[in-house]
Amino acid sequence: MKIYLVRHAKVASNSKNIAYNNQENEALTRDGEKQARKLAQRLNQFNLDKIFISESKRTHQTILPLLRIKSIPLEKDKRLNDCRYGIFGGLTIQEAKKKYPGIFQKRQKDKYNIPIPGGESFKDVAIRLDSFLNDLRKEDTLESVLLITHATNLKVFLIKYLGFSIKRADSIHFENTSISIFDFSGKKFKPIMINDSSHLNERDL
């Protein structure tokens, strides 16, 4: 099976550098809508059997332009939802560091295992992703699937399945609508492409 992992298109909180976005109903900006159209043109080149998205409005809006071009089965799955950020919700990294210095520093030392109060750790997200992928593995008829999800989930994916360190994964800035492609066989993932956003350099549609 080939898996395409895509980060949703731009929302206002991305422009404001809000790192801990707990808003499920935030809509795409105009720039985000343009990104979604460019993404659709790129994804239209691929033969996709099914699309899975998180429950967030922004992931659904991201894929709408593609669904206007071709008919592909779509399913929402809460296991693809963004990390729950608890008390950090709505804050930038600097704001969280200033408002909750002790909690922030403690989590920075081991964010894989230490959750944000009222939220999740990277490990919690990994458990959700693992459950989803275990079920996906059973879908014998699917050869090529697209997942529209969130930046933290993409980092957790690299850590859990490709052996990236947290530092290395955190150093990657996943552009809105960036595409990562993997071959998925058994429980192993082989990267074909990671964090490609070359479609955004195309002329506005």
Side-chain angles (χ1 to χ4, degrees), residues 1-19 21 23-83 129 132-133 136 139 141-158 161-162 164 169 171-185 189-205:
M1 183 186 295
K2 189 167 289 184
I3 294 182
Y4 297 80
L5 286 174
V6 173
R7 186 189 179 195
H8 63 81
K10 184 178 287 185
V11 291
S13 59
N14 298 144
S15 300
K16 297 175 182 177
N17 293 318
I18 294 174
N21 183 11
Q23 298 185 57
E24 292 296 325
N25 293 318
E26 188 175 18
L28 300 187
T29 63
R30 288 186 178 181
D31 283 344
E33 291 172 351
K34 289 180 182 179
Q35 290 175 340
R37 291 195 294 270
K38 291 180 178 181
L39 175 68
Q41 294 297 324
R42 179 82 179 277
L43 293 177
N44 192 36
Q45 304 171 25
F46 307 124
N47 294 318
L48 299 171
D49 296 319
K50 192 169 183 178
I51 301 169
F52 295 89
I53 63 174
S54 76
E55 295 177 318
S56 296
K57 183 176 183 178
R58 55 192 180 272
T59 60
H60 185 246
Q61 288 186 325
T62 296
I63 203 57
L64 282 179
L66 177 63
L67 296 179
R68 294 187 183 109
I69 297 173
K70 60 169 63 173
S71 177
I72 306 172
L74 175 70
E75 182 176 328
K76 289 184 180 180
D77 196 301
K78 64 182 180 181
R79 292 172 293 183
L80 298 178
N81 287 358
D82 199 0
C83 180
L129 289 177
F132 172 82
L133 291 169
L136 187 61
E139 299 283 351
T141 60
L142 300 180
E143 296 182 359
S144 184
V145 299
L146 169 65
L147 315 182
I148 308 288
T149 185
H150 306 266
T152 295
N153 300 37
L154 294 169
K155 293 179 180 182
V156 170
F157 182 92
L158 296 180
Y161 299 108
L162 269 70
F164 279 43
S171 71
I172 299 175
H173 173 67
F174 283 97
E175 297 285 348
N176 292 104
T177 70
S178 69
I179 302 172
S180 300
I181 307 175
F182 303 88
D183 274 331
F184 181 33
S185 178
F189 290 88
K190 179 182 178 181
I192 299 172
M193 180 171 67
I194 296 177
N195 195 30
D196 181 84
S197 57
S198 57
H199 53 279
L200 297 182
N201 297 325
E202 300 295 327
R203 297 171 64 183
D204 288 344
L205 302 176

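Residue numbers count from 1 along this sequence. Below, each value reflects all heavy atoms present in this structure, side chains not excepted, and no hydrogens, waters or symmetry copies.
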Q: For His199 and Thr177, indicate whether the former's side chain and the latter's backbone hold a donor-acceptor pair under 3.5 Å.
A: yes
Q.
Quick check against the 3.5 Å criterion: does Ser197 have a side-chain atom that pairs as donor or acceptor with the backbone of Leu200?
A. no
N/O donor-acceptor pairs under 3.5 Å from side chains in residues 1-11, not counting sequence neighbours:
{"unit_1": "Arg7", "atom_1": "NH1", "unit_2": "Phe174", "atom_2": "O", "d": "2.7"}
{"unit_1": "His8", "atom_1": "NE2", "unit_2": "Arg58", "atom_2": "NE", "d": "3.4"}

**Q.** Pairs flagged by ring-ring contact (aromatic ring centres under 6.0 Å, His included) wherever residues 48-71 is involved - sequence neighbours left out
**A.** Phe52-Phe132
Q: Scan side-chain atoms only and decide if Thr59 and Ser54 contain a donor-acceptor pair under the 3.5 Å cut-off.
A: yes
Q) Can you check whether Ala27's main-chain N or O pairs, donor with acceptor, with Lys57's side chain at less than 3.5 Å? A) no
(Q) Can you confirm whether Ile172 sits close enough to Phe164 that some side-chain heavy atom of one is under 4.5 Å from a side-chain heavy atom of the other? (A) yes
Acceptor/donor pairs from residues 178-185 side chains to any protein atom, 3.5 angstrom cut, sequence neighbours excluded:
{"unit_1": "Ser178", "atom_1": "OG", "unit_2": "Glu175", "atom_2": "O", "d": "3.1"}
{"unit_1": "Ser178", "atom_1": "OG", "unit_2": "Asn195", "atom_2": "OD1", "d": "3.0"}
{"unit_1": "Ser180", "atom_1": "OG", "unit_2": "Asn195", "atom_2": "N", "d": "2.9"}

Q) Is there a donor-acceptor contact under 3.5 Å from the side chain of Asp82 to the main chain of Thr152? A) no
Q: Sequence neighbours left out, what passes side chain to side chain donor-acceptor pair (under 3.5 Å) with Asn21? Give chain and number order.
A: Ser13, Glu26
Q) Looking at CD1 of Ile148 and NZ of Lys76, how far apart are the two atoms once the value is rounded to the nearest 0.5 Å? A) 13.0 Å
Q) What distance separates Lys38 NZ from Gln41 CD, expressed to the nearest 0.5 Å? A) 11.0 Å
Q.
Keeping Asp49 on the side-chain end and Ser144 on the backbone end, is there a donor-acceptor pair under 3.5 Å?
A. yes
Q. Roughly how far apart are Ile194 CD1 and Leu154 CG, rounded to 0.5 Å?
A. 10.0 Å
**Q.** Sequence-distant partners of Lys70, side chain to side chain contact (heavy atoms under 4.5 Å, CB included), two or more places apart
**A.** Asn44, Leu66, Ile72
Q: Would you give the length of the straight line joining atom CD of Glu75 to atom CG of Leu80, rounded to the nearest 0.5 angstrom?
A: 9.5 Å
Q: Using only heavy-atom distances, determine whether the side chains of Ser198 and Asp196 contain a donor-acceptor pair under 3.5 Å.
A: yes
Q) Who pairs with Glu55 by side chain to side chain contact (heavy atoms under 4.5 Å, CB included), at least two apart in sequence or on another chain? A) Lys78, Asn81
Q. Say you draw a straight line from CZ of Arg37 to CD1 of Ile69; how long is it, rounded to the nearest 0.5 Å?
A. 11.0 Å
Q. Below 4.5 Å, heavy atoms only, C-beta onward: do His150 and Asn153 meet side chain to side chain?
A. yes
(Q) Side chains of Leu67 and Ile63, heavy atoms from C-beta outward: is any pair under 4.5 Å? (A) yes
**Q.** No-hydrogen, no-angle side-chain donor-acceptor test under 3.5 Å, Ser56 and Glu24
**A.** yes
Q) About how many Å separate CD1 of Ile51 and OG1 of Thr62, when rounded to the nearest 0.5 Å? A) 11.5 Å
(Q) A side-chain contact here means heavy atoms from C-beta on lying under 4.5 Å apart; do Asn14 and Asn176 qualify? (A) yes
